Protein chains: 2
Amino acid sequence: MDTREQIVSTTEKLIITKGYNGFSYQDIADVIGIKKASIHYHFKTKEDLGVAFVQMYHDRFNTWTASVKDKPNLDRLNGFGKLFKIVSNNGKHICPIGMLTSEYKTLPEKVQQKVHDILATMEDWTTELIEDGIRTNIYKPSIDSRLMAKILINSLSYETKTARIFENDNQLDQIFAELKKLIVA
Amino acid sequence: MDTREQIVSTTEKLIITKGYNGFSYQDIADVIGIKKASIHYHFKTKEDLGVAFVQMYHDRFNTWTASVKDKPNLDRLNGFGKLFKIVSNNGKHICPIGMLTSEYKTLPEKVQQKVHDILATMEDWTTELIEDGIRTNIYKPSIDSRLMAKILINSLSYETKTARIFENDNQLDQIFAELKKLIVA
DNA sequence: GACAACCTACCTACTAGTAGGTAATTTAGT
DNA sequence: ACTAAATTACCTACTAGTAGGTAGGTTGTC
């Protein structure tokens, strides 16, 4: 992993714990053992680094959706749930996009745009997943796909935060199971 | 409204937009037109102010639950939904407790404790509401009360954040309606 | 006179960002 | 193959601004 990748990777960890406004170039410098000015060499401004991080996260999600696009609907649904389980890391981490969603109003314009984009991508993908499930009679026909997509994403994303507070590492599974009960016919 | 109340009230607005770590005593001073040092007179440290704010918010919730405790179950459920609608203020605001939940790891210890307490209170109240609904055959018997309580709170709380980003002021109602469809028999 | 509620004036610590320099590597021209 | 120019990746040292917090003085009310 080269220095640039190390910076973005460290940024992810710091956003999870301290948020975008809460971490500093000095924090990153301390973690990877270089000087603050050297980070400015790789990312001229903090805004540039923020944009690069969210773009990386968006790319990661797109790569994942591409990798499961031919799998059965229920596999994709379970895979989506597992994504949050991995992010949560047994109640130790939270979803960084959830953090940026909270901080949105104070984020630099270009970072806001990127956060807006990944949220839209995730909501659209999940909506299509549920639409597909209804169309193929796997899911309950009474469901509104977009609203259920939001309920699913909101419940799981927010749970990574409360799990960290209550040091509860298994309720994410239970919530996902309860949601599946509501969705699957 | 005396100065102390003005400070706490301004703190609420600032936490909603900038978060606990994002607002400063100077911000408050600018809003209410006094000097920074005068805020230290009312709240010796920022931690004290944070504690006072969350306590006020907790008291407000307790006052509300007390005011509806003898109302029919569905009235209480609808009232709970409306609480988020009021907080959201047509997609302009977010739930400040949701903000503090994101920031949790960086909050001073006493503020963390208060956030932990209000989250537990809200979850317990909602769980009991759903238990009552199941017991009185108003809700679907297949529901797990605690998990559904979390799904309800998470969905609505997180939606105040995404509504602010997408400038969408009516999906909170729709999500609450969809959740009611899932809960009510 | 006592006290509450404010003030001015300061402190230390930290922030993002910049100026200017250096050693090592890569590229281009002869 | 040799060399000069350019680039990469870092460094030290600094700026202006802001953070939370404090000491001590002033003002207004009972």
Side-chain angles (χ1 to χ4, degrees), chain A residues 1-54 99-100 102-112 114-115, chain B residues 1-54 96 99-100 102-115:
Chain A
M1 192 158 49
D2 64 25
T3 303
R4 194 189 157 91
E5 287 169 333
Q6 276 188 72
I7 293 169
V8 177
S9 166
T10 305
T11 299
E12 178 170 6
K13 287 173 196 136
L14 289 170
I15 285 179
I16 285 168
T17 46
K18 312 177 105 184
Y20 177 85
N21 295 308
F23 84 86
S24 70
Y25 269 30
Q26 189 60 57
D27 291 335
I28 298 173
D30 291 345
V31 170
I32 67 180
I34 57 170
K35 296 294 162 181
K36 188 170 72 88
S38 306
I39 301 168
H40 281 283
Y41 169 78
H42 293 281
F43 299 95
K44 203 160 187 343
T45 68
K46 198 179 174 183
E47 178 166 12
D48 293 336
L49 176 55
V51 166
F53 165 69
V54 183
M99 175 64 92
L100 297 175
S102 290
E103 292 182 293
Y104 192 79
K105 283 281 156 184
T106 60
L107 297 178
E109 205 189 313
K110 285 172 190 166
V111 182
Q112 284 190 346
K114 287 288 174 188
V115 171
Chain B
M1 192 158 49
D2 65 25
T3 303
R4 194 190 156 90
E5 287 168 333
Q6 277 188 71
I7 293 168
V8 177
S9 166
T10 305
T11 299
E12 178 169 5
K13 287 173 196 134
L14 289 169
I15 286 179
I16 284 167
T17 46
K18 312 176 103 185
Y20 177 85
N21 294 309
F23 84 87
S24 69
Y25 270 31
Q26 190 59 56
D27 292 334
I28 298 173
D30 292 343
V31 170
I32 68 180
I34 57 170
K35 296 293 163 182
K36 191 168 68 97
S38 307
I39 300 168
H40 281 285
Y41 170 77
H42 293 282
F43 299 95
K44 204 162 186 344
T45 68
K46 196 179 176 185
E47 177 166 11
D48 292 336
L49 175 55
V51 166
F53 165 69
V54 183
M99 176 63 93
L100 297 175
S102 289
E103 292 181 293
Y104 193 79
K105 283 281 156 184
T106 60
L107 298 176
E109 205 188 314
K110 286 172 190 166
V111 182
Q112 284 189 344
Q113 188 57 55
K114 288 287 174 189
V115 170

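We name chains A, B, ... by the order of the sequence lines, and we start the count at 1 in each one. On a predicted model such as this, the values are computed, not experimentally measured, just so you know.
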Are any non-hydrogen side-chain atoms of V8(A) and F43(A) less than 4.5 angstrom apart?
yes
Looking at every strand, decide which applies to S24(B) at a 4.0 Å heavy-atom threshold: base, sugar-phosphate, or nothing.
sugar-phosphate
Could you tell me whether F23(A) contacts a base, only the sugar-phosphate backbone, or nothing, with contacts defined as non-hydrogen atoms closer than 4.0 Å?
sugar-phosphate
Integer-rounded Å distance: dC10(C) P and K35(B) NZ
15 Å
How many Å lie between NZ on K36(B) and C1' on dA5(C), as a whole number?
17 Å
Geometric cation-pi criterion, K46(A) with F23(A): 6.0 Å, 45°
yes
Please find the earliest and latest nucleotides of DNA chain D, in the 5' to 3' direction, that have an atom within less than 4.0 Å of any heavy atom of chain A.
dT8(D) to dT12(D)
May I have the distance from R4(B) (atom CZ) to dC6(C) (atom C1'), rounded to whole angstrom?
16 Å
Closest to the 5' end of DNA chain C, once K44(A) and K18(A) are matched to their nearest nucleotides, is K18(A)
Return the minimal non-hydrogen interatomic distance between K105(A) and T17(B), and the atom names on each side.
CB-O, 3.8 Å
Minimum heavy-atom separation for E47(A) and E109(A), please, with both atom names.
OE2-N, 3.8 Å
If you look at every strand shown and take non-hydrogen atoms under 4.0 Å, does Y25(B) touch a base, only sugar-phosphate, or nothing?
sugar-phosphate
Does a side-chain N or O from S38(B) land closer than 4.0 Å to OP1 or OP2 of dA5(C), or not?
no
Given side chains that start at C-beta, do those of Y41(A) and T3(A) come closer than 4.5 Å, heavy atoms only?
no
In whole angstrom, what separates Q26(B)'s CD from dC7(C)'s C1'?
13 Å
First of Y41(A) and A37(A) reached from the 5' end of DNA chain D, by closest nucleotide
Y41(A)
Which atom pair, heavy atoms only, marks the closest approach of L107(A) to V111(A)?
CD1-CG1, 4.0 Å
